[in-house]
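Computed from a predicted structure; not experimentally measured.
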Amino acid sequence: MRPYLLLTPGPLTTTDTVKEAMMSDWCTWDEDYNIGIVEVIRKELVEIASSRPEEYTAVLMQGSGSFCVEATLGSVVRPTDKLLVAANGAYGKRMGVISEYYHIDCHVMKFEETEAVDPKVLDEYLTAHPETTHVAVVHCETTTGVLNPLEEIAAVVKRHGQVLIVDAMSSFGGVPIDMAKIGIDFMISSANKCIQGVLGFGFILARRSLLEKCKGVARSLSLDLFDQWETMEKGHGKWRFTSPTHVVRAFLQALKELKAEGGVAARYGRYCENHRTLVDGMRALGYKTLLPDSQQSPVITSFYYPSAEFDFKDFYQKLKAKGFVIYPGKISQADTFRIGNIGDVHPDDFVRLIEAIKETTV
């Protein structure tokens, strides 16, 4: 029995069958695990991500999504390169912080948290700074829920000839993305987001021709993306260090359930319907969304506090008691809270949530 639904940007509410998949133990040296599970996952991730899967490869990495972002920046951007990070929230800014730790020559282009990254501003900067070699951006910035215009951003980056790194942590698997068509070189996500697995590892989808050139670039042993990839390639799914076998097996089950649902397009449709049901219901109760509909992703939605006297902690506890866990706000410009629309949750769940909120605020 679920004590509550997780209406957050991750970890998410998962199916019973995904959780049940973790009930067996696996040997990290056994072909049943490495070839039968890890290699299947790597292949299927690339097929989901690109219409030209032969041009891309997948690397699985222990840890949270931020581990994978750090592994990518630290293994792909050389000391002689120059990185531009387009940031309109906490996770874009975090890429700037990672760059500081690695002494990467990096410029963080800051946009307002309630605004999408502007491709025109990006274009102007890259025209003025042709020495830039890499550009990094977050697709869905869950600080607010804004969905950045990835195709337009990629078109600018490719026109200037730079390598494009995309943090698709909260969008991959739930929002359609074609790396080959758009021109993405490295894309990063995590097991516990839209694929609806459980937390414990993330993955990097990389243009094979570029990753092959990254040998010796990494400044970290554990987060050496090239070495992790090379070991998996030569060892047919073998990880360099102990892999999180239980959650990897659960992820394979989650991939099967994504396919059974109808793939990314079908899941995107469900998430959009979750979001529409939520927003319509909240607006009917007098709540206002932080973002305009044109910038809003279906992943997570930010709402203003309804009044100066609003007590989020009390609101949170009352909803939790009714079976729903939501998220606090993350921006400094306004008092907000957030409600996630992804995971094993459905429009009927949001109908019940709206009723619970109505009862809580009466």
Residue of the set Thr301, Asp349, Asn274 for which side-chain hydrogen bond (donor to acceptor under 3.5 Å, both in side chains) holds with Asn341: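 Answer to the side-chain hydrogen bond (donor to acceptor under 3.5 Å, both in side chains) test with Asn341 among Thr301, Asp349, Asn274: Thr301.
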Check the side chains of [Y] and [X] for a donor-acceptor pair under 3.5 angstrom, ignoring hydrogens and angles.
X: Thr142; Y: Arg338; value: no
X: Thr15; Y: Asp344; value: no
X: Ser24; Y: Arg249; value: no
X: Ser243; Y: Tyr33; value: yes
X: Glu112; Y: Gln333; value: yes
X: Glu131; Y: His129; value: yes

Can you check whether [X] reaches [Y] side chain to side chain, under 4.5 Å on heavy atoms?
X: Val175; Y: Val264; answer: no
X: Tyr316; Y: Pro328; answer: no
X: Leu60; Y: Val38; answer: yes
X: Trp26; Y: Asp32; answer: yes
X: Phe111; Y: Asn148; answer: no

salt_bridge(Asp185, Lys158) N-O dist < 4.0 Å: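 A salt bridge links Asp185 with Lys158.
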Flag yes if more than 12 heavy atoms outside [X] fall under 6.0 Å of its [atom1] atom; otherwise flag no.
X: Lys330; atom1: NZ; result: no
X: Lys110; atom1: NZ; result: no
X: Phe67; atom1: CZ; result: no

Report the residues that fulfil salt bridge (Lys or Arg N to Asp or Glu O under 4.0 Å) with Lys259, sequence neighbours left out, ordered by chain and then residue number.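 For Lys259, the residues satisfying salt bridge (Lys or Arg N to Asp or Glu O under 4.0 Å) (neighbours in sequence not counted) are Glu44.
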Just by modelled atom types, is the [Y] backbone N or O under 3.5 Å from a matching donor or acceptor in the [X] side chain?
X: Arg240; Y: Ser222; value: yes
X: Asp123; Y: Lys120; value: no
X: Ser189; Y: Met169; value: yes
X: Ser297; Y: Gly145; value: yes
X: Glu141; Y: Val117; value: no
X: Thr133; Y: Lys82; value: yes

Apply salt bridge (Lys or Arg N to Asp or Glu O under 4.0 Å) to residues Glu39 and Lys43 and explain how you reach the verdict. CA-CA 6 Å; Glu39 289 294 80; Lys43 180 176 182 291; over 6 Å; no
Tell me which one of Leu73, Val69, Ile184, Val135 satisfies side-chain contact (heavy atoms from CB on, under 4.5 Å) with Ile165.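 Output: one option passes, namely Leu73.
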Test side-chain contact (heavy atoms from CB on, under 4.5 Å) applied to Val166 and Val138, Leu150, Ile182, the passing residue: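 That would be Leu150.
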Do the two ring centres, one from [X] and one from [Y], sit under 6.0 Å apart?
X: Phe337; Y: Phe310; result: yes
X: Tyr56; Y: Phe186; result: no
X: His275; Y: Phe350; result: no

Audit row: Glu55, Arg208, salt bridge (Lys or Arg N to Asp or Glu O under 4.0 Å) steps and yes/no: CA-CA 6 Å; Glu55 297 179 8; Arg208 183 181 290 269; over 6 Å; no
Go through the steps to decide whether Arg352 and Asp348 satisfy the test salt bridge (Lys or Arg N to Asp or Glu O under 4.0 Å), and finish with yes or no. CA-CA 6 Å; Arg352 294 190 300 107; Asp348 287 349; over 6 Å; no
Distance, nearest 0.5 Å, that separates CG of Asp167 from CZ of Phe172: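 Asp167 atom CG to Phe172 atom CZ measures 13.0 Å (nearest 0.5 Å).
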